[in-house]
> 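I am attaching a structure below and will ask some questions about it afterwards.
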Amino acid sequence: TVQPVKTPKTAPTGEQPTGSVGTEFVIPSPTNVDPKQPVRIEFQITAPTHDTKATITFEIVNFRQEVPLKKGQTVTITLNIPAGKLSMEKNIPPVIITSAEPIQVVAVLHIGDYAQTIEVPSSTQTGVEYYVVTPTGKSPHDDKEIFIVNYGNTNDVVVRPTAEVVFKGTKYPAGSKINIPFAPFKVYYIQSKGDLTGTKVVGKNPFAVFSGYSSPQGVTLYYRISTPLVPTSRWGTTYLIPSMAFPGSSDTVYVTTFQSTEVDYQVGDNKKSEKMKPGQVMKIAIPEAKTLSIKATHPIMVVYYHTGGKKGDKTYEPNIININDNTKYAKRYRITGNPNLEKNAVLLIIKPSAAPQLKFDGHPLPNIEWKPIPGTDYSWAKYEFGNEPVSHTVEHPDSPFGLVVLGYSKTSEPQKHVTAQPTKTPKTVTEKVA
């Protein structure tokens with residue numbers, strides 16, 4: 001049995017990794033897997049600040065491995081899983097990763113020719129109250145999903161779904177109350193054909209919630225689009241968002257409240273205001289080349305849904321990205337290049353007067369095109385960097401700034417942001433934003 005770390009540590013003050021950093025991670029096992037498809041999970045584990053040792057445990061295949069790490073080192077561990085063991089009816093235990101010093105974990109799930117990078121929150125990123133977002137799927141038959149992930153304590157969680165759901169084989173109507181007791185390191189899965197956006201999930205002790213959608217059973221090409229949600233304790237009031245939509249397309253931003261809130265927002269030069277009720281979710285379209293700024297009277301959650309599209313003969317798949325509010329901006333970020341991506345890039349958000357002092361690996365940024373964010377005193381730009389598998393720093397001596405990592409790759413299914421890993425032998429070639 002893996003014991004929880006009682007006093008989790010985080011990265012040094014002033015430095016913000018492009019992913020969750022901590023000492024305890026719980027990764028849900030994949031579900032609805034065709035038993036004929038080979039399955040493997042790759043864990044990219046980085047020690048950003050100290051030498052340490054990580055321990056990986058996956059009980060269903062009797063897997064346990066200790067991984068020594070030097071400061072700044074990234075190690076990839078591959079775990080092969082018999083697909084016949086993976087089914088939501090079997091209460092599959094999660095993968096558990098712990099360490100003595102802070103680490104960063106990115107999990108890459110491969111099922112046949114499908115690949116999905118899973119952003120993994122540490123125990124320090126969890127909370128006790130969440131609101132769910134499940135974007136419109138690729139197909140009206142897609143399954144909307146909620147994964148509830150418990151850490152090292154027992155827990156009692158209450159779910160109030162906004163649509164009929166199936167939990168442990170039982171149907172519960174919209175508006176019902178589902179009480180779920182949790183043992184340590186337990187994961188439960190809730191599924192629906194309806195939209196679960198606005199579903200409230202509350203627990204006695206901190207836990208994590210993933211939400212999104214996946215392909216219905218029986219389709220030839222498996223896919224799953226999901227992200228860990230931000231607990232209400234970590235919501236903010238001011239957000240700045242450059243569009244990531246492809247030419248000729250539009251993406252969607254979901255804004256969620258947990259109390260009565262007035263939200264002022266501006267898409268390009270178009271200003272609007274909305275009075276929102278507790279638990280309400282508002283959708284805002286953000287077309288290609290536009291920006292979105294949001295200011296709320298009380299904390300809100302902002303989730304960006306990249307809707308995908310086509311560019312020439314290439315298809316771009318959907319993706320879900322959590323957006324940080326401007327109080328989460330930092331003066332220094334640590335990012336990692338991925339050699340399997342065609343392009344690695346960052347979106348930078350900073351005040352124009354401070355932009356010239358930004359540095360990448362200690363050197364000034366080359367001339368890049370800075371664009372204003374209307375209605376604010378900030379600007380944004382995209383900077384592409386190499387795909388060598390090494391750690392990079394982006395920093396400013398005085399001013400906190402926003403950063404989003406993007407990756408473009410040719411794979412057969414969608415990738416998450418930060419450090420996406422492509423499928424090595426895809427049957428169909430598409431290009432994605434990571």
> Quick one: does any side-chain atom of Thr126 pair with a main-chain N or O of Ala208 as donor and acceptor, under 3.5 Å?
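Pair absent, no side-chain N/O of Thr126 close to backbone of Ala208.
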> Rounded to the nearest 0.5 Å, what separation is found between the CD1 atom of Ile45 and the OG1 atom of Thr76?
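So the gap between those two atoms works out to 8.5 Å.
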> So which pairs with a foot in residues 276-295 pass side chain to side chain donor-acceptor pair (under 3.5 Å), sequence neighbours left out?
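Sorted result for residues 276-295: Thr238-Lys295.
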> If you look at every heavy atom in Lys144 and Tyr213, which pair is closest and at what distance?
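Of all heavy-atom pairs spanning Lys144 and Tyr213, the closest is CD-CB, 3.9 Å.
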> So Thr237 and Asp325, side chain to side chain contact (heavy atoms under 4.5 Å, CB included) or not? Walk me through it.
CA-CA 7 Å; Thr237 58; Asp325 71 282; 6.0 Å; no
> Compare all side-chain heavy atoms of Pro28 with those of Val149 and state whether any distance is below 4.5 angstrom.
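Side chain of Pro28 against side chain of Val149, heavy atoms only: contact under 4.5 Å found.
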> If every non-hydrogen atom of Pro48 is compared with every non-hydrogen atom of Gln104, which pair is closest and at what distance?
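The answer is CD-N, 4.3 Å.
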> Could you walk me through whether His298 and Phe258 pass the ring-ring contact (aromatic ring centres under 6.0 Å, His included) test, one step at a time?
CA-CA 9 Å; His298 294 95; Phe258 69 87; 8.3 Å; no
> Looking at CG of Asn324 and OH of Tyr239, how far apart are the two atoms once the value is rounded to the nearest 0.5 Å?
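Those atoms lie 8.0 Å apart.
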> Quick one: does Ser122's side chain have a donor or acceptor within less than 3.5 Å of a partner on Val21's backbone?
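Yes.
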> Does the ring centre of Phe360 sit less than 6.0 Å away from the ring centre of Tyr383?
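When the ring centroids of Tyr383 and Phe360 are compared, they turn out to be within the sub-6.0 Å range.
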> Would you give the length of the straight line joining atom CG of Leu69 to atom CG of Asp51, rounded to the nearest 0.5 angstrom?
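Output value for this atom pair is 8.5 Å.
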> I need the single residue from Thr197, Thr162, Leu229 that forms a side-chain contact (heavy atoms from CB on, under 4.5 Å) with Val132. Which is it?
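The single option meeting the side-chain contact (heavy atoms from CB on, under 4.5 Å) with Val132 is Leu229.
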> Once rounded to the nearest 0.5 Å, what's the spacing between atom CD1 of Ile27 and atom CG of Leu109?
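CG of Leu109 is found 11.5 Å from CD1 of Ile27.
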> Quick check against the 3.5 Å criterion: does Asn322 have a side-chain atom that pairs as donor or acceptor with the backbone of Pro228?
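Present.
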> Run the numbers on Asp264 and Lys271 for side chain to side chain contact (heavy atoms under 4.5 Å, CB included), then give the verdict.
CA-CA 7 Å; Asp264 297 320; Lys271 297 180 180 179; over 6 Å; no
> Main chain of Asp251, side chain of Tyr304: is a donor-acceptor contact present, judged purely on distance under 3.5 Å?
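Looks like no, no N/O pair under 3.5 Å.
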> Among all residues two or more places apart in sequence or in another chain, which pass the salt bridge (charged side-chain N to carboxylate O under 4.0 Å, His left out) test with Asp156?
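Only Lys204 meet the salt bridge (charged side-chain N to carboxylate O under 4.0 Å, His left out) criterion with Asp156.
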> Roughly how far, to the nearest 0.5 Å, is CD1 of Ile148 from CD1 of Ile178?
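One gets 8.0 Å once the value is rounded to the nearest 0.5 Å.
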> His396 side chain to Phe401 main-chain N or O, any donor-acceptor pair under 3.5 Å?
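Flag not set: sc His396 to bb Phe401 has no pair under 3.5 Å.
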> Quick one: CD1 on Ile241 to CG on Leu292, what's the gap to the nearest 0.5 Å?
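Going from the CD1 atom of Ile241 to the CG atom of Leu292 covers 4.5 Å.
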> Step by step, would you call Thr232 with Glu129 a side-chain hydrogen bond (donor to acceptor under 3.5 Å, both in side chains)?
CA-CA 6 Å; Thr232 57; Glu129 182 181 57; 2.9 Å; yes
> Any side-chain donor paired with an acceptor under 3.5 Å for Asn205 and Asn153?
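Short answer, no.
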> Would you sort out whether Val159 and Phe167 count as a side chain to side chain contact (heavy atoms under 4.5 Å, CB included), showing the intermediate values?
CA-CA 11 Å; Val159 181; Phe167 173 59; over 6 Å; no
> List the atom of Lys382, the atom of Leu347, and the distance in Å for their closest heavy-atom pair.
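That closest heavy-atom pairing would be CB-CD2, 3.8 Å.
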> If we ignore hydrogens and angles and just use 3.5 Å, is the side chain of Asp361 paired with the main-chain N or O of Thr393 as donor and acceptor?
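Yes.
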> Considering residues at least two apart in sequence or located in another chain, which fulfil the ring pair (Phe, Tyr, Trp, His ring centres under 6.0 Å) criterion with Phe25?
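Testing Phe25 for ring pair (Phe, Tyr, Trp, His ring centres under 6.0 Å), a comparison that skips the adjacent residues, returns none.
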> Test side chain to side chain contact (heavy atoms under 4.5 Å, CB included) on Tyr329 and Ile350; report intermediate values, then the result.
CA-CA 9 Å; Tyr329 291 177; Ile350 195 170; over 6 Å; no
> Contact between Ile323 and Val253 at the side-chain level, heavy atoms closer than 4.5 Å - yes or no?
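Heavy-atom side-chain distance check fails, nothing below 4.5 Å.
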